[in-house]
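We number each residue from 1, following the sequence as shown. Predicted model only: the values in this text are computed from it and were never measured.
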Amino acid sequence: MTATQRRGRRIMMSPEELDAFLTGQRTCRVATVGADGRPHVSALWFCWDGTSLWLYSLTRSRRWAQLRRDPRLAVIVDDGEEYGELRGAELSGTAEFVGETPRTGEPHPELDAPERLFAGKYLGLEELPHDGRHGWLRLTPEAVASWDFRKMAEV
């Protein structure tokens, strides 16, 4: 169950707005925790299936190693230039590793939809080519906070 946003209700996105926002955006920032407790933030492409955020990450990355040790993560997706245009969402929870590592294209029905979404969104293809260097992480958010400062002008 996703935690309810308490503050900023006036500017939070509706579920439909959040879904459209996450579907349309291309880059997120992923925060993981190092062994010494320090945060590590990195940019990554993602796709949203309406329930979960799917991250296609290099398996030899610092992010992947940190999530193997401690699967907690937070992700920020945001947009806007001017203050009154800012909008975004923070999703947090536990990373799940899905499929073989690294991904070589072995049949895995759970990955059919995210791979199709990712291939279309970033590569303009119907099928995702596998390079043997990436793997899939799924974040089904336990907490979501969203904001859309454009709503402040409506009041």
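Residues Trp48 and Leu117 are members of separate hydrophobic clusters, defined by side-chain heavy-atom contacts under 4.5 angstrom among Ile, Leu, Val, Met, Phe, Trp and Tyr. Leu53 and Val33 are members of different hydrophobic clusters when ILVMFWY side chains are connected at heavy-atom separations under 4.5 Å. Following chains of ILVMFWY side-chain contacts shorter than 4.5 Å, one can reach Leu86 starting from Met152, so the two form part of one hydrophobic cluster.
Heavy atoms only, all atoms of each residue included: Cys28 and Leu55 are closest at SG-CD2, 3.7 Å. Nearest heavy-atom pair, Thr23 versus Asp19, reported as atom, atom and distance to 0.1 Å: OG1-O, 2.7 Å. Shortest non-hydrogen contact noted between Ala74 and Glu90 is CB-OE2, 4.0 Å. Nearest heavy atoms, Ala89 versus Leu22: CB-CD2, 4.5 Å. Considering all non-hydrogen atoms of both residues, Glu96 and Thr140 come closest at OE2-OG1, 3.9 Å. Closest non-hydrogen pair, Gly34 versus Gln66, comes out as CA-NE2, 3.3 Å.
A donor-acceptor pair under 3.5 Å links the side-chain atoms of Thr59 to the main chain of Arg133, judged by distance alone. Counting only distance, with no hydrogens or angles, the side chain of Lys121 and the backbone of Arg116 share no donor-acceptor pair below 3.5 Å. In this structure, the side chain of Arg103 engages the main chain of Glu106 through a donor-acceptor pair within 3.5 Å. For Arg72 (side chain) and Leu67 (main-chain N/O), no donor-acceptor pair under 3.5 Å exists by modelled atom type. Within the 3.5 Å criterion, the main-chain N or O of Asp148 finds no donor-acceptor partner in the side chain of Glu85. A donor-acceptor pair under 3.5 Å is formed between the side chain of Glu100 and the backbone N or O of Thr104. The backbone N or O of Gly80 sits nowhere less than 3.5 Å from a side-chain atom of Arg87 that would complete a donor-acceptor pair. Between the side chain of Ser146 and the main chain of Met13, a donor-acceptor pair closer than 3.5 Å is present.
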- I would like to know whether Ser92 and Glu142 meet side chain to side chain donor-acceptor pair (under 3.5 Å); could you show each step before the answer? CA-CA 6 Å; Ser92 59; Glu142 296 164 15; over 6 Å; no
- Message: Using side chain to side chain contact (heavy atoms under 4.5 Å, CB included), reason through Asp79 and Gln25 one step at a time and then give a plain yes or no.
- Response: CA-CA 8 Å; Asp79 188 39; Gln25 294 300 308; 3.9 Å; yes
- Task: Could you give me the CA-CA distance, side-chain angles and deciding distance for Thr32 and Arg63, then say whether side chain to side chain donor-acceptor pair (under 3.5 Å) is met?
- Result: CA-CA 6 Å; Thr32 57; Arg63 167 185 47 251; over 6 Å; no
- Going through the distances and angles, do Leu137 and Leu73 end up as a side chain to side chain contact (heavy atoms under 4.5 Å, CB included)? CA-CA 11 Å; Leu137 301 165; Leu73 78 156; 5.9 Å; no
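A centroid separation of less than 6.0 Å is found between the aromatic rings of Phe97 and Trp64. Taking the six-membered ring for Trp, Trp136 and Tyr56 have ring centres closer than 6.0 Å.
Rounding to the nearest 0.5 Å gives a distance of 5.5 Å between CZ of Arg26 and OH of Tyr122.
Enclosure of atom CZ in Arg68 by more than 12 non-hydrogen atoms of other residues, nucleotides or ligands within 6.0 angstrom is indicated.
Of the N and O atoms on the side chains of Glu115 and His130, at least one donor lies less than 3.5 Å from an acceptor on the other residue.
Taking the side chain as every heavy atom from C-beta outward, Pro102 and Leu58 never approach each other to under 4.5 Å.
Lys151 has a carboxylate O that lies under 4.0 Å from a charged side-chain N of Glu17, or vice versa, which qualifies the two as a salt bridge.
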